[in-house]
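Quick note on labels: first sequence line is chain A, next is B, and so on, each numbered from 1.
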There are 2 protein chains.
Amino acid sequence: MSSKKAPTMSDVAKLAGVSSMTVSRALRSGTSASAKTRAKIQAAADELGYVLDSTAAGLSTRKTGFVAVTIPSINNANFAQTVQGLTEGLREANLQVLLAYTGYSLQEEERMVQGLLQRRPEAIVVTGGVHSDKCRRYLAESGVPVVEMWDMPATPINHVVGFSNKQAGKTMAQFLQQQGFRKIGFIGGNAAIDVRGYDRRRGFLEALDAYGLERHRYWQSDQPVLTMEEGASAMETLLEQYPDTEAVMCASDLSAFGAMMTCVRQGLSVPDDMAICGFGAYDISGNSVPEITTLDVSALSIGTETARIIVAALSKDNKEPISAEVVEIETKLLVRPSTEKISS
Amino acid sequence: MSSKKAPTMSDVAKLAGVSSMTVSRALRSGTSASAKTRAKIQAAADELGYVLDSTAAGLSTRKTGFVAVTIPSINNANFAQTVQGLTEGLREANLQVLLAYTGYSLQEEERMVQGLLQRRPEAIVVTGGVHSDKCRRYLAESGVPVVEMWDMPATPINHVVGFSNKQAGKTMAQFLQQQGFRKIGFIGGNAAIDVRGYDRRRGFLEALDAYGLERHRYWQSDQPVLTMEEGASAMETLLEQYPDTEAVMCASDLSAFGAMMTCVRQGLSVPDDMAICGFGAYDISGNSVPEITTLDVSALSIGTETARIIVAALSKDNKEPISAEVVEIETKLLVRPSTEKISS
DNA sequence: ACTAGATTTGTTATCGATAACATAATATAA
DNA sequence: TTATATTATGTTATCGATAACAAATCTAGT
């Protein structure tokens with residue numbers, strides 16, 4: 001770590017014997033500069049170890065070159081995949097992702113969005129369709145494209161890339177019902193925290209109602225039930241309270257796996273004694289024994305689609321009005337042995 | 001998304017009837033401004049929906065307010081935890097994390113570091129102690145604190161927060177040997193890609209040598225073996241080639257779990273027929289049945305320690321020379337049922 | 001060789017904020 | 001009340017780059 005301060009463009013210009021404007025042009029593509037001076041300037045830049053200050057460049061061009069993204073948690077394979085899709089999709093447009101974590105808190109989301117806006121992102125991506133009033137206003141007035149992902153909000157701010165979590169819950173309930181299960185439980189979280197998980201539960205329970213099935217076998221906590229450990233202890237409680245339960249849907253594959261391990265520990269067979277399904281198509285669901293039935297929401301596509309929309313919105317001439325895109329991502333039920341109904 | 005461009009500080013100043021310098025002061029803490037004008041300016045700012053442009057502010061103060069971090073993969077719970085520790089530790093110093101993924105490629109790391117430096121981070125954090133020559137030079141000449149984490153490089157660039165991956169491999173080998181296992185295998189990746197995983201293998205095999213144990217039972221690929229699926233198929237191959245293997249160390253808990261599932265599928269009992277240990281103390285290792293022996297490297301502490309060093313380095317007066325800190329994180333062997341030696 | 005047109009380079013103003021200094025307003029002490 | 005210290009506000013220059021325009025150089029066709 002050298003302590004002398006970084007060389008600037010005019011240092012390079014001086015060394016190369018040209019004006020700094022010429023340096024600026026030589027270091028960019030798509031600008032006119034003779035091959036000879038380009039080489040001369042490149043050499044001077046290398047000698048000084050010059051690195052462009054994109055902070056200053058951005059002030060002039062009014063382009064910062066990054067897209068702000070908020071996700072609930074970094075430690076979640078689904079969001080990680082979405083971010084990967086975003087990163088890759090934005091790379092070709094020379095846009096970097098600036099990530100912030102909200103910890104499933106709307107208040108934190110508001111703070112993060114405010115902080116991110118100070119950095120003048122060229123677009124903003126948020127997870128979910130529910131935000132604090134202030135946050136909605138920040139987003140709406142930001143002057144840049146906004147994408148809400150992982151949900152289908154009733155009143156979108158701008159663009160949307162997601163799927164209906166409620167419908168996802170319904171799909172799972174329908175599947176379990178069709179498989180012949182009747183006493184069906186749910187392990188999941190609370191509305192105030194994990195909005196999307198709660199929507200899934202709502203859809204799930206509504207479907208049970210529609211089929212005339214009992215819907216009291218659920219377990220809830222005021223924290224999202226997303227980890228293996230939480231799933232495991234939730235299943236313990238559920239087995240105590242409703243030992244006759246035949247099948248359970250979990251808010252996440254991780255909690256589904258935890259729940260399954262509780263069954264194994266108690267000598268219950270999955271799916272013979274207890275069928276289990278999860279959500280999110282995490283690695284674990286396809287690699288456990290038995291493999292776990294789950295809903296694949298194609299987290300990667302959410303990222304790539306979001307990136308596509310952003311790139312399109314930014315490349316459009318400002319003259320034509322940019323219409324808000326709403327993309328519904330297809331979900332896919334992965335039927336696996338953990339929910340095989342034994343013909344008894 | 002409104003299309004009129006964002007208001008600037010002088011817009012606020014005009015509305016409030018003061019100079020823009022006064023606005024600048026009123027909107028910051030630790031600056032002199034009367035309560036009355038502060039309120040007046042705040043009101044004007046709110047009315048206009050003004051958001052500070054930290055890009056411009058940074059150009060003047062020469063502080064961008066963020067720290068650049070490169071990690072091999074976002075989809076890795078260990079690195080996610082480290083990032084979380086970093087984020088939290090830096091938040092109180094008002095520093096944001098700018099994340100980039102290298103995909104376990106040194107070449108990509110070089111590109112990322114170069115790109116990140118253009119944004120003038122106040123510090124740079126990289127994963128591992130091996131970098132391309134160019135990348136090393138970039139880092140060394142960046143003029144800001146550099147932290148290499150997750151390893152103990154022989155010749156550090158600047159600060160270090162990590163542990164010896166080689167020693168970690170040795171520790172596991174020693175443990176398995178002490179448990180009474182003799183025919184020990186290894187499932188892991190290749191040097192060119194996952195440097196740290198390879199170091200662990202090196203330590204592991206050296207220890208086997210030291211104990212006079214056979215060391216041919218390893219499986220290697222030119223890709224890192226870090227996922228459950230990779231672990232599962234690696235174990236299949238290993239069982240074919242060396243069916244007499246008694247115990248296996250895996251480069252990660254995820255591959256360890258995959259390997260364990262292969263055993264289960266083939267009717268082998270863990271640990272009776274095959275002992276398995278992993279690395280990284282992922283959730284899965286503590287929640288599977290049986291639970292998997294692993295090495296906890298305290299990924300979170302790596303993040304918080306790194307954050308601490310950065311905050312300290314940045315707060316120090318530039319007068320006193322900043323000495324490079326080297327912090328060795330303590331690792332902890334978590335002994336679990338997956339490696340219980342049956343007294344036969 | 002000469003001129004129109006194309007290409008390369010230079011000059012000046014500007015992006016939106018803050019630092020540094022200068023000045024005005026207010027508070028405090030003698 | 002006056003002098004002095006303190007606080008509040010304004011002015012000007014600057015951070016490091018690029019846009020917009022201007023000038024200089026080169027190229028090609030006749």
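Listed by residue number, there are no residues of residues 8-17 of chain A with a heavy-atom contact under 4.0 Å to DNA chain C. The stretch residues 49-57 of chain A touches DNA chain D through A/Tyr50, A/Leu52, A/Asp53, A/Ala56, A/Ala57, each having a heavy atom under 4.0 angstrom from the strand.
Remark: B/Asn78 engages B/Tyr282 in a side-chain hydrogen bond (donor to acceptor under 3.5 Å, both in side chains) (not counting sequence neighbours). In this structure, A/Asn75 has no side-chain hydrogen bond (donor to acceptor under 3.5 Å, both in side chains) partners at least two apart in sequence or on a different chain. Not a single side-chain hydrogen bond (donor to acceptor under 3.5 Å, both in side chains) links A/Arg196 to another residue, sequence neighbours left out. The side chain to side chain contact (heavy atoms under 4.5 Å, CB included) test applied to A/Ser60 returns no partner, not counting sequence neighbours. Residues forming a side chain to side chain contact (heavy atoms under 4.5 Å, CB included) with B/Ala324 (at least two apart in sequence, or on another chain): B/Asn158, B/His159.
Residue B/Arg62 has its side chain nearest to D/dC15 when only D/dC15, C/dC15, C/dA19 are considered.
Put simply, the side chain of A/Ser20 never gets that close to the backbone of A/Val23: no donor and acceptor are under 3.5 Å apart.
The 5' end of DNA chain D is approached more closely, in terms of each residue's nearest nucleotide, by B/Ser60 than by the other of B/Ser60 and A/Arg28.
Sorted by first and then second residue, the pairs that involve residues 39-97 of chain A and meet ring pair (Phe, Tyr, Trp, His ring centres under 6.0 Å), not counting sequence neighbours, are A/Phe79-A/Trp150. Within the structure, every pair that satisfies the side chain to side chain donor-acceptor pair (under 3.5 Å) test and touches residues 85-94 of chain A, not counting sequence neighbours, is listed here: A/Gln84-A/Glu88, A/Arg91-B/Glu108.
Taking all atoms of both residues into account, the shortest heavy-atom contact from A/Ala16 to A/Ile41 is CB-CG1, 4.0 Å.
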Only distances under 3.5 Å count here; give the side-chain donor-acceptor pairs of residues 301-313 of chain A to other protein atoms, sequence neighbours excluded, each with its distance to 0.1 Å.
unit_1   : atom_1 : unit_2   : atom_2 : d
A/Ser301 : OG     : A/Ser298 : OG     : 2.2
A/Thr304 : OG1    : A/Leu300 : O      : 3.4
A/Thr304 : OG1    : A/Ser301 : O      : 3.1
A/Glu305 : OE1    : A/Arg308 : NE     : 3.4
A/Glu305 : OE1    : A/Arg308 : NH2    : 3.0
A/Glu305 : OE2    : A/Arg308 : NE     : 3.4
A/Thr306 : OG1    : A/Ile302 : O      : 2.6
A/Arg308 : NH2    : A/Glu325 : OE1    : 3.1

Exercise answer: donor-acceptor pairs, residues 123-135 of chain B side-chain atoms, under 3.5 Å, sequence neighbours excluded:
unit_1   : atom_1 : unit_2   : atom_2 : d
B/Thr127 : OG1    : B/Thr70  : O      : 2.7
B/His131 : ND1    : B/Glu109 : OE1    : 2.9
B/His131 : ND1    : B/Glu109 : OE2    : 3.1
B/His131 : NE2    : B/Gly128 : O      : 3.3
B/His131 : NE2    : B/Glu148 : OE2    : 2.8
B/Ser132 : OG     : B/Glu110 : OE1    : 2.7
B/Ser132 : OG     : B/Cys135 : N      : 3.1

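The distance between atom CG of B/Leu27 and atom P of C/dG16, rounded to the nearest whole Å, is 16 Å. Distance CE (B/Met21) to P (D/dA13): 15 Å, rounded to an integer number of Å. Put simply, CD on B/Gln118 is 12 Å from C1' on D/dA17, counting in whole angstrom units.
Between B/Arg119 and D/dA17 there is no side-chain N or O to OP1 or OP2 distance below 4.0 Å.
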Look for any protein N or O under 3.5 Å of an N or O in nucleotides 7-9 of chain C and output each such pair with its distance, or none.
unit_1 : atom_1 : unit_2  : atom_2 : d
C/dT9  : OP1    : A/Ser34 : OG     : 3.2
C/dT9  : OP1    : A/Thr37 : OG1    : 3.1
C/dT9  : OP2    : A/Ser34 : N      : 3.1
C/dT9  : OP2    : A/Thr37 : OG1    : 3.1

